[in-house]
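Please read the structure below before turning to the comments.
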Amino acid sequence: MCGYLENGGLGEPVDNADGVFADQGWYATDHFGLDIIFHSRIKQYDCLTDDSSRAAAVFVPFYAGFDIVQHLWGVNSTAREKDALSLDLVDWLTRRPEWRAMGGRDHFFLSGRTAYDHQRQTDSDSEWGNKLLHLPAVQNMTVLFVEKLPWTSFDFAIPYPTYFHPGKDAQILEWQRRMRAMKREWLFSFAGGARNDPYSIRHHLIRQCGSSSFCKLVQCRKNERNCLIPSTFMRVFQGTRFCLQPTGDTMTRRSAFDAIMAGCVPVFFHADSAYTQYRWHLPEAHEMYSVLIPEADVRAGNVSIEETLRRIPQDVAERMTETVIGLIPRLVYADPRSRLETLRDAVDVTVDAIIERVSKLREEMGGGRGAQQS
């Protein structure tokens, strides 16, 4: 993991020998490395204060994703070991004077992994993840993930980190101009691997894409390094109008955001892949920037993806592409070693939304005075 922690968590600069990326602002970023990137960006927030009584919200720099990942593979961690740091955190936080003002409702923290990794149901050593999300104190806070639990209201999804981390407004504006000028010769594309699960929709997508002369397929087979090289699929996305984004190991994919960075309109097959997730960062009018094809219809053989996409009028498809390209600034995590001037990135959007949420909670609590921890 050490290479991914270089440059403030952005990773090493990508090789741009084939010109797929820009010469600056692109890094080999791990898609679960947001803990350190987000913290680094928060440190340069314009209105930081050490006086919690003046704070609109309190950020807790607890690297929850980095904590749990050390217990997920290749080790025989007990449930107690998986939970230890989360329990220590809650014990420490709830004894702090800052906590007493609103019982933690003005606190927020982040895990760069999915909520699934933090919602263990039992104390069985063999069960996946920790029980962070089941701790009552944590449920008082606002918790950020790259994928939330659809049925809970205290956690929120923010975008996966992509490979693009601009340090200046000009880098974003130039990239947007470049994506607008791209010739999109493929109607649709799919980049990804099949799954052992016979129920997986990916088998159907690979078959439909592979049999269509309008689709570009980048198939990632086990032990192949092809899809570990960002330029492999980013080049395809840049030349495609619509990019298929099925569920992966969980409901969401980092690839959806990679596609948007390339100006490719995402095609989802389940509402939980985006619509119930990234409400702070993506338009509420989903049809403006994406297409939804219900996965049940694909599995049943009731729908042709090619025919569905070909029915979209050219002018409508072009407007969708423009909307997608317009979303790029609010979905990137800017280089924490620099500072954007007028554009607002994913962290800016997130912090604004958290402050608004805390303000509403404070009003509901009568200003937060004398609030008790629940």
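Both backbone and side-chain heavy atoms feed into the values below; hydrogens, waters and symmetry mates do not.
For the atom pair CG (L309) and CZ (F214), the distance works out to 11.0 Å, reported to the nearest 0.5 Å. Within the model, atoms CD1 of I68 and CG of D117 stand 7.0 Å from one another, a figure rounded to the nearest 0.5 Å. How far CD of E12 is from SG of C2: 10.5 Å, rounded to the nearest 0.5 Å. Considering CD of E185 and NZ of K183, their distance stands at 7.0 Å, rounded to 0.5 Å. To the nearest 0.5 angstrom, L133 atom CG is 7.0 Å from Q119 atom CD. Distance check, rounded to the nearest 0.5 Å: CD1 of I37 to CG of L5 gives 9.5 Å.
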*For E174 and R177, what are the C-alpha separation, side-chain angles and deciding distance, and is it a salt bridge (charged side-chain N to carboxylate O under 4.0 Å, His left out)?*
CA-CA 5 Å; E174 175 56 34; R177 284 193 291 268; 3.0 Å; yes
_Evaluate D258 against T162 for side chain to side chain donor-acceptor pair (under 3.5 Å), listing each step before the verdict._
CA-CA 6 Å; D258 290 333; T162 64; 5.0 Å; no
*Passes ring pair (Phe, Tyr, Trp, His ring centres under 6.0 Å), W73 versus W128? Steps please.*
CA-CA 10 Å; W73 295 281; W128 183 267; 5.4 Å; yes
*asked:* What verdict does the side chain to side chain contact (heavy atoms under 4.5 Å, CB included) test give for D18 and R235, after you've listed the backbone C-alpha separation in whole Å, the side-chain angles of each residue and the deciding distance to 0.1 Å?
replied: CA-CA 10 Å; D18 50 6; R235 181 189 297 106; 2.5 Å; yes
*Could you walk me through whether E284 and R279 pass the salt bridge (charged side-chain N to carboxylate O under 4.0 Å, His left out) test, one step at a time?*
CA-CA 7 Å; E284 186 175 352; R279 291 174 171 169; over 6 Å; no
*asked:* E356 vs K360, test: salt bridge (charged side-chain N to carboxylate O under 4.0 Å, His left out). Steps then yes/no.
replied: CA-CA 6 Å; E356 181 179 357; K360 290 179 179 179; 3.6 Å; yes
_Step-by-step side chain to side chain donor-acceptor pair (under 3.5 Å) determination, S126 to S124_ = CA-CA 5 Å; S126 61; S124 170; 2.9 Å; yes
*What's the verdict on side chain to side chain donor-acceptor pair (under 3.5 Å) for T29 and H165, showing C-alpha distance, side-chain angles and the deciding distance?*
CA-CA 9 Å; T29 304; H165 303 284; 2.8 Å; yes
*Using the salt bridge (charged side-chain N to carboxylate O under 4.0 Å, His left out) rule, take R80 and D125 through it: C-alpha gap first, then chi angles, then the decisive distance, then the call.*
CA-CA 8 Å; R80 182 185 295 271; D125 292 345; over 6 Å; no
*Test V20 against Q238 for side chain to side chain contact (heavy atoms under 4.5 Å, CB included), laying out the working first.*
CA-CA 9 Å; V20 173; Q238 290 173 19; 3.5 Å; yes
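The two residues L110 and G112 come nearest to each other via the heavy atoms CD2-N, 3.7 Å. Contact between A137 and T94 at its shortest, heavy atoms only, is CB-CG2, 4.0 Å. The nearest pair of heavy atoms linking Q208 to I305 is OE1-N, 2.9 Å. When all heavy atoms of N76 and E81 are compared, the pair lying nearest together is O-OE1, 4.2 Å. Among all heavy-atom pairs drawn from L327 and H281, the shortest one is CD2-O, 4.3 Å. Here the closest heavy-atom approach between residue A28 and residue Y4 is recorded as O-CD2, 3.4 Å.
The side-chain heavy atoms of D67 and S86, taken from C-beta on, include a pair separated by under 4.5 Å. At least one side-chain heavy atom of L132 sits under 4.5 Å from a side-chain heavy atom of F109. Annotation: side chain of P294 is not in contact with side chain of V298 (no heavy-atom distance under 4.5 Å). V291 has its side chain within reach of F242: a pair of non-hydrogen atoms, C-beta onward, lies under 4.5 Å apart. The closest side-chain heavy-atom distance from V324 to M320 is not below 4.5 Å. Inter-residue side-chain proximity for F156 and T350 is flagged as unmet; no heavy-atom pair is nearer than 4.5 Å. No side-chain heavy atom of I260 sits less than 4.5 Å from a side-chain heavy atom of V265. The shortest distance between side-chain heavy atoms of V316 and R319 falls below 4.5 Å.
For the residue pair S273/R253, the side-chain donor-acceptor check at 3.5 Å is not satisfied. In the model, T49 has no side-chain atom that pairs as donor or acceptor with a side-chain atom of D51 under 3.5 Å. Y160 and T252 are linked by a side-chain donor-acceptor pair at a separation below 3.5 angstrom, with hydrogens and angles left out of the test. Inspection of the S255 and Q245 side chains reveals an N or O donor paired with an N or O acceptor under 3.5 Å. No side-chain N or O of E147 forms a donor-acceptor pair with one of T114 less than 3.5 Å apart. D83 and N130 share no donor-acceptor pair across their side chains, judged by distance under 3.5 Å alone. A side-chain N or O of S111 and one of H118 form a donor-acceptor pair less than 3.5 Å apart.
The ring-ring contact (aromatic ring centres under 6.0 Å, His included) check on Y278 picks up F257, with sequence neighbours excluded.
Note: the hydrophobic cluster containing F233 also contains V14 (ILVMFWY, side chain heavy atoms under 4.5 Å, direct or indirect links). Grouping the Ile, Leu, Val, Met, Phe, Trp and Tyr side chains by contacts below 4.5 angstrom, directly or via other members, places I293 with L244.
Between F164 and W26, the gap from one ring centroid to the other is short of 6.0 Å. Separation of the Y275 and H286 ring centroids falls under the 6.0 Å cut-off.
In the displayed structure, D315 atom CG is contacted under 6.0 Å by more than 12 heavy atoms of other residues, nucleotides or ligands. Open room surrounds OH on Y116; 12 or fewer heavy atoms of other groups in view lie less than 6.0 Å from it. Counting heavy atoms of neighbouring residues, nucleotides and ligands inside a 6.0 Å radius, atom CE of M182 exceeds 12 of them.
Under the 4.0 Å criterion applied to side-chain N and carboxylate O atoms, E322 and R180 are assigned as salt-bridge partners. Contact check on R330 versus D348 returns no salt bridge, with no Lys/Arg side-chain nitrogen under 4.0 Å from an Asp/Glu carboxylate oxygen. Salt-bridge formation is detected for the pair D46/R339: a Lys NZ or Arg NE/NH1/NH2 atom is positioned less than 4.0 Å from an Asp or Glu carboxylate oxygen.
The closest donor-acceptor contact from the side chain of R105 to the backbone of M102 lies under 3.5 Å. Between the side chain of K82 and the backbone N or O of E127 there is at least one donor-acceptor pair closer than 3.5 Å. Within the 3.5 Å criterion, the main-chain N or O of A317 finds a donor-acceptor partner in the side chain of T321. For the pair D169 (side chain) and L343 (backbone), a donor-acceptor distance under 3.5 Å is present. Looking only at distances, no side-chain donor or acceptor of T152 sits under 3.5 Å from a matching main-chain atom of D155.
Classification of the F108-F38 ring pair by plane angle, with boundaries at 30° and 60°, yields perpendicular.
Note that R254 lies in the cation-pi zone of Y163, set by a 6.0 Å cut-off to the ring centre and a 45° limit from the axis.
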